[in-house]
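In this chain, numbering begins with 1 at the start of the sequence shown. Any value given below was found using the heavy atoms of this structure, including those in side chains, with hydrogens, waters and symmetry copies removed.
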Amino acid sequence: MNHLLKSSVRISARSSGLLRGPSALGGSRLLNVHEYVSMDIFRGFGIPVPKSGMATSVDEAKKLYKDVIGEGKDCVIKAMVLTGGRGLGHFSNGFKGGVHLCNKPGDVEKFASQMLGQNLITKQTTKEGLPCTKVMLAERMYMRREMYISIMLDRAAGGPIFIASPAGGTSIEDVAEATPELIFKQPIDIKVGITDANSTFLATSLGFIPGTPAHTEAKSVVEKLYKLFREHDCTLLEVNPLAETPDNRVVVCDAKINFDDNAEFRQKNVFTFRDRSQEDWREVEAAKHDLNYIGLSGNIGCMVNGAGLAMSTMDIIKLEGGDPANFLDVGGGATEGQVQKAFELLNADKQVKTILVNIFGGIMRCDVIAAGVLNAAKNIGMKKPIIIRLKGTNVKEAKKLIEESDFQLTVTDDLEDAAKKAVAIAQIVTLAEGAKLDVSITAAV
């Protein structure tokens with residue numbers, strides 16, 4: 001599998017909500033919207049899509065079926081949950097499958113009642129799953145062929161690049177592994193935009209015969225997809241499948257779109273569709289305070305200044321046999337208020353058993369961090385053990401603040417020692433909780 005396709009797979013995983021573990025690490029936040037939103041955006045650009053709509057209740061779903069799909073017609077009902085593998089998932093009430101074909105009277109009502117108000121659990125979610133508060137109904141499409149096409153930003157190409165394949169409707173990484181000759185790439189000069197030669201190549205790569213009406217329609221769809229990608233500041237646009245119908249129409253049947261969070265100021269309408277219920281509550285809160293936070297699956301909370309130092313801190317925790325609970329970079333210019341908010345997040349996270357603070361004071365002063373830690377401990381009643389390692393600007397002042405406070409912190413100058421202590425304390429706390437015992441950690445004098 002080439003590196004571009006690997007990038008496509010990773011981005012697709014992000015858009016599907018896979019980011020629940022260590023693979024989530026990254027510096028950017030991307031807006032991922034529900035499929036019904038994507039379909040509406042496609043319609044706005046004149047891109048052919050199936051008749052569809054969204055419902056938040058069983059009654060709305062029945063009305064949508066009657067008004068949009070049409071009584072007696074087959075349709076597909078999909079749980080609007082931002083995760084991959086919905087079709088093979090199961091709900092918290094035991095109902096299996098987040099995607100169903102409705103081809104009998106009463107199916108829409110039956111399936112909607114089983115999905116709405118439940119959590120959908122897939123291989124890409126936590127064991128609790130994600131809430132399903134919406135369903136989408138889409139007309140059933142009869143497809144002669146299924147294809148794949150996506151647009152993403154590629155560093156090597158220096159701009160957008162198309163990935164296309166005549167073999168769609170299945171996992172694109174599997175296609176790349178088994179039949180790499182069916183994967184076609186087309187970089188686009190971002191200064192020039194998509195050309196006729198580009199769209200001709202892509203339509204032909206998808207299996208359309210040049211000179212036919214279907215080839216012409218495919219070119220038009222490709223050009224409109226690129227227009228959407230550029231005008232909406234997308235980081236990923238992935239269509240799978242792109243279908244050719246028996247009457248030679250070219251239709252986008254399923255799609256994922258990610259948008260760059262940095263473009264929110266000029267994509268305000270799109271960002272109104274952000275569904276916070278599908279996001280990690282810790283990341284949502286952190287973003288409100290300009291903290292770079294990504295939730296992980298461990299039990300050692302980390303607060304570090306600088307992404308590189310944060311990665312190193314997590315690495316050494318793993319080397320010592322522990323497991324980080326988060327990536328949290330407070331940055332080089334964090335205020336006491338931001339530091340306090342970071343601790344509020346860590347303190348509120350039930351899976352965090354101890355907190356490791358690792359600060360290298362360059363732009364960020366160690367005394368500011370120390371003051372923030374102590375204020376947070378005082379204001380929120382911090383009970384979780386804290387190991388703090390400080391180096392750099394105003395480290396003496398920071399240590400003095402800690403010494404003069406009445407709050408117990410485990411202070412060390414060595415990162416390896418700090419990681420060992422954090423791992424040991426997390427193990428002690430976990431064992432004590434398992435035995436239903438209270439435990440108090442006090443630094444040795």
Between [X] and [Y], what is the shortest heavy-atom contact and its length?
X: M115; Y: A79; result: SD-N, 4.1 Å
X: L401; Y: A370; result: CD1-CB, 4.4 Å
X: T412; Y: A418; result: CG2-CB, 3.4 Å
X: V33; Y: S38; result: CG2-OG, 3.7 Å
X: K384; Y: D349; result: NZ-O, 2.5 Å
X: P324; Y: M314; result: CB-CG, 3.8 Å

So do the side chains of [X] and [Y] get within less than 4.5 Å of each other, counting heavy atoms only?
X: M311; Y: F327; result: yes
X: H100; Y: Q114; result: no
X: S52; Y: R43; result: yes
X: N198; Y: F162; result: no
X: F229; Y: M152; result: no
X: M303; Y: F343; result: yes
X: P48; Y: V221; result: yes
X: V99; Y: V76; result: yes

Quick test of your reading of the model: are [X] and [Y] salt-bridged, counting only N-O distances below 4.0 Å?
X: D417; Y: K421; answer: yes
X: D413; Y: R389; answer: no
X: R365; Y: E397; answer: no
X: D414; Y: K420; answer: no

Using only heavy-atom distances, determine whether the side chains of T83 and T125 contain a donor-acceptor pair under 3.5 Å.
->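 T83 vs T125: no donor-acceptor pair found between side chains.
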Is the closest side-chain donor-acceptor distance between E128 and T126 under 3.5 Å?
->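 Side-chain D/A pair, E128 to T126: present.
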Intermediate values then yes/no, side-chain hydrogen bond (donor to acceptor under 3.5 Å, both in side chains), Q124 and T122 | CA-CA 5 Å; Q124 294 185 1; T122 76; 5.4 Å; no
Report the C-alpha distance between E283 and I294 in whole Å, list the side-chain angles of each, state the deciding distance to 0.1 Å, and finish with yes or no for side-chain contact (heavy atoms from CB on, under 4.5 Å).
-> CA-CA 6 Å; E283 296 177 22; I294 297 173; 3.9 Å; yes
Let me have the donor-acceptor pairs involving side chains of residues 130-141, under 3.5 Å, with sequence neighbours excluded, atom names and distances please.
| unit_1 | atom_1 | unit_2 | atom_2 | d |
| --- | --- | --- | --- | --- |
| K134 | NZ | D275 | OD2 | 3.4 |
| E139 | OE2 | K51 | N | 2.8 |
| R140 | NH1 | D74 | OD2 | 2.9 |

With under 30° as parallel and over 60° as perpendicular, where do the rings of F111 and F95 fit, or are they tilted in between?
->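 Tilted: the ring planes of F111 and F95 meet at 30° to 60°.
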Full working for side-chain contact (heavy atoms from CB on, under 4.5 Å) between L31 and T235 = CA-CA 9 Å; L31 170 66; T235 56; over 6 Å; no
Audit row: K400, E403, salt bridge (charged side-chain N to carboxylate O under 4.0 Å, His left out) steps and yes/no = CA-CA 5 Å; K400 185 178 179 182; E403 287 171 3; over 6 Å; no
Is there a donor-acceptor pair under 3.5 Å between the side chain of [X] and the backbone N or O of [Y]?
X: E146; Y: P241; answer: no
X: S92; Y: Q118; answer: no
X: K185; Y: I161; answer: no
X: D329; Y: G306; answer: yes

Would you give the length of the straight line joining atom [atom1] of [X] to atom [atom2] of [Y], rounded to the nearest 0.5 angstrom?
X: C366; Y: N305; atom1: SG; atom2: CG; result: 8.0 Å
X: I188; Y: I194; atom1: CD1; atom2: CD1; result: 4.5 Å
X: D233; Y: F271; atom1: CG; atom2: CZ; result: 8.0 Å
X: I316; Y: L415; atom1: CD1; atom2: CG; result: 4.0 Å

Go through the steps for L328 and Y293 under the test side-chain contact (heavy atoms from CB on, under 4.5 Å), then give the verdict.
-> CA-CA 5 Å; L328 174 53; Y293 188 105; 3.7 Å; yes
Can you name the one residue among R266, Q267, K227 that meets side chain to side chain donor-acceptor pair (under 3.5 Å) with H232?
->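 Exactly one candidate clears the test, Q267.
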Evaluate the side-chain contact (heavy atoms from CB on, under 4.5 Å) criterion for residues Y148 and I183: first the C-alpha distance (whole Å), next the side-chain angles of each, then the deciding distance (0.1 Å), finally the verdict.
-> CA-CA 9 Å; Y148 172 94; I183 303 295; over 6 Å; no
Would one find more than 12 heavy atoms of other residues, nucleotides or ligands at under 6.0 Å from atom CG of L319?
->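 Yes.
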